[in-house]
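The structure appears below as structure tokens.
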Protein chains: 2
Amino acid sequence: MPVQLNDCPVEVVFAILSGRWKIPIYRYLYKTNEPARYSALLRHLPAISKKILTEQLRELEHDGIIERNLYPDARPRVEYRLTSYGLSMIEFLDKMSEWGEKYIQSNNSHFQK
Amino acid sequence: MPVQLNDCPVEVVFAILSGRWKIPIYRYLYKTNEPARYSALLRHLPAISKKILTEQLRELEHDGIIERNLYPDARPRVEYRLTSYGLSMIEFLDKMSEWGEKYIQSNNSHFQK
DNA sequence: CGGCATCCAAAGTGATACTG
DNA sequence: CAGTATCACTTTGGATGCCG
């Protein structure tokens, strides 16, 4: 059998966060620091489609990173926010960000393609 | 235009490490702490094919994470090792690993799917 | 030994239109 | 407003075989 994904905690984390829009969604929720409506996310991520936004939100919710709250009304209102679990990711995300910045700064700009 | 990938250092890091076998390759090189031959990697990652192994190694090399050294001989010998750049990723990888372990421990085992 | 070429399957992403 | 449904496309991973 191949290497079990779940053998490696690092791969578990990658599995949770891999998806074209998961980091952008996380960043938005983190920096606004308040529940965001579906439509606000849609507006903030100009290139995303509703189908994909819904998918990515469902997956993040499934993995316990965000929470979905429906406020039924004439016009339904849905808000998403980071759970405490989601918030706690900031520890390694900050470290990653630091590393990434150094990487970009250095003339190792291979990643440009 | 969509969010530029390169606007976000975290996404840059994800781009570098995303690939089915990159973390396993990294882990192997890190824990053995010595140059590994192509054939050793192939043996250690039971489910990988030669084509894919070569691809992932090339990408890691391109991004400055590993180094490839050819020792020409009757039988060619090729060794791969982490660069200092690659080694320095351990800082955030350790943090990710800690987080991932807690995540797995907690009854939030949603990620099992 | 350490690859590359070919072909194929699966996953991920997206455009568009429709709905309670 | 906050979604589904459908279909198309692109990217990634993999099986297999050949080569210097």
Side-chain angles (χ1 to χ4, degrees), chain A residues 1-5 8 11 14-26 28-29 35-63 66-81 111-113, chain B residues 1-5 8 11-12 14-26 28-29 35-63 66-81 111 113:
Chain A
M1 286 305 282
V3 171
Q4 283 291 93
L5 259 184
C8 173
E11 290 189 85
F14 268 86
I16 292 172
L17 288 178
S18 66
R20 174 67 185 85
W21 298 100
K22 288 191 182 163
I23 297 295
I25 290 169
Y26 184 99
Y28 183 70
L29 293 179
R37 299 185 61 164
Y38 184 85
S39 49
L41 285 162
L42 205 55
R43 228 174 307 114
H44 183 72
L45 305 169
I48 202 173
S49 74
K50 290 201 276 184
K51 178 199 164 199
I52 302 296
L53 176 56
T54 301
E55 269 180 25
Q56 307 264 305
L57 290 170
R58 291 282 183 280
E59 291 175 20
L60 287 169
E61 187 192 2
H62 175 264
D63 292 333
I66 65 174
E67 210 178 85
R68 178 183 186 272
N69 287 102
L70 165 66
Y71 304 92
D73 213 341
R75 307 267 101 182
R77 192 171 99 248
V78 177
E79 288 183 349
Y80 294 91
R81 64 183 194 82
F111 74 89
Q112 301 275 3
K113 198 215 128 30
Chain B
M1 284 304 281
V3 171
Q4 283 292 95
L5 260 184
C8 173
E11 290 190 85
V12 168
F14 268 86
I16 293 172
L17 288 179
S18 64
R20 173 69 184 85
W21 298 100
K22 290 192 182 163
I23 296 294
I25 289 170
Y26 184 98
Y28 183 71
L29 293 178
R37 299 186 62 165
Y38 183 85
S39 47
L41 285 162
L42 205 55
R43 228 173 308 113
H44 182 72
L45 306 168
I48 201 172
S49 74
K50 289 200 278 183
K51 179 202 164 199
I52 302 296
L53 176 57
T54 301
E55 268 179 25
Q56 307 265 306
L57 289 171
R58 290 284 181 280
E59 290 174 19
L60 287 169
E61 186 191 3
H62 175 265
D63 291 332
I66 65 173
E67 210 178 84
R68 176 184 187 271
N69 286 101
L70 164 67
Y71 304 92
D73 214 341
R75 307 267 102 182
R77 192 171 99 248
V78 178
E79 288 183 350
Y80 293 91
R81 63 183 194 84
F111 74 89
K113 195 199 138 25

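Here is the naming used below: chain letters follow the sequence lines, and residue numbers restart at 1 for every chain. No experiment lies behind these values; they were computed from the predicted model shown. Because only heavy atoms are used, hydrogens play no part in the values below, and waters and symmetry mates are left out as well, while side chains stay in.
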- Task: Let me know the distance between CD1 of A:I23 and P of C:dG12, rounded to the nearest Å.
- Result: 16 Å
- Presence of salt bridge, A:R77 and A:E79, under 4.0 angstrom: yes
- For B:R58 and D:dT12, give me the distance from atom CZ to atom P, rounded to whole Å. 18 Å
- Task: Give a yes/no on whether any side-chain N or O of A:Y38 is located under 4.0 angstrom from OP1 or OP2 of D:dT4.
- Result: no
- Query: D:dC1 P sits how many Å from A:L57 CG, rounded?
  - Reply: 16 Å
- Is the closest basic N to carboxylate O distance between B:E11 and A:R20 below 4.0 Å? yes
- Interatomic spacing from OH in B:Y28 to CG in B:L41 - rounded to 0.5 Å: 6.5 Å
- Query: Can a side chain N or O of B:R37 be found less than 4.0 Å away from OP1 or OP2 on C:dC1?
  - Reply: no
- Message: Strictly below 4.0 Å: does B:R20 bring a side-chain N or O up to OP1 or OP2 of C:dA11?
- Response: no
- Among C:dT13, C:dC7, C:dC18, the nucleotide that comes nearest once only the side chain of B:K51 is considered: C:dC7
- Message: OP1 or OP2 of C:dG14 versus the side-chain N and O atoms of A:W21: is any pair under 4.0 Å?
- Response: yes
- Query: Could you state the CD-P distance from A:E59 to C:dG12, rounded to the nearest angstrom?
  - Reply: 8 Å
- Note on the structure: Closest non-hydrogen atoms of A:L60 and A:I16, given as atom of the first, atom of the second and distance, are CD2-O, 4.2 Å
- Message: Using whole Å, what does the distance between atom C1' of nucleotide D:dT12 and atom CZ of A:F14 come to?
- Response: 16 Å
- Considering just the side-chain nitrogens and oxygens of A:R75, establish if one lies under 4.0 Å of OP1 or OP2 belonging to D:dA2. no
- Query: Distance check: side-chain N/O of B:Q56 vs OP1/OP2 of D:dT12, anything under 4.0 Å?
  - Reply: no
- Task: To the nearest Å, give me how far apart CD (A:E55) and P (C:dG12) are.
- Result: 9 Å
- Message: For a quick check of understanding: with a heavy-atom distance under 4.0 Å over all strands, which category does B:Y71 fall into, base, sugar-phosphate or nothing?
- Response: nothing
- Task: Write down the atom of B:R75, the atom of B:D73, and the distance for their closest heavy-atom approach.
- Result: O-CB, 3.0 Å
- Taking atom C1' of D:dG3 as reference, at what distance in whole Å does atom CD of A:E61 sit? 13 Å
- Message: Please tell me if B:T54 has a side-chain N or O lying less than 4.0 Å from either OP1 or OP2 of C:dG3.
- Response: no
- Item | d(CD1, B:I52; P, C:dA5) in whole Å | 14 Å
- Task: Please check the phosphate of D:dA2 (OP1 and OP2 only) for any side-chain N or O of A:R68 closer than 4.0 Å.
- Result: no
- Tell me which nucleotide among C:dA15, D:dG3, C:dG2 gets nearest to the side chain of A:S49. C:dA15
- Task: Take B:S18 and B:P76, find for each the nucleotide of DNA chain D with the closest heavy atom, and name the residue whose nucleotide sits nearer the 5' end.
- Result: B:S18
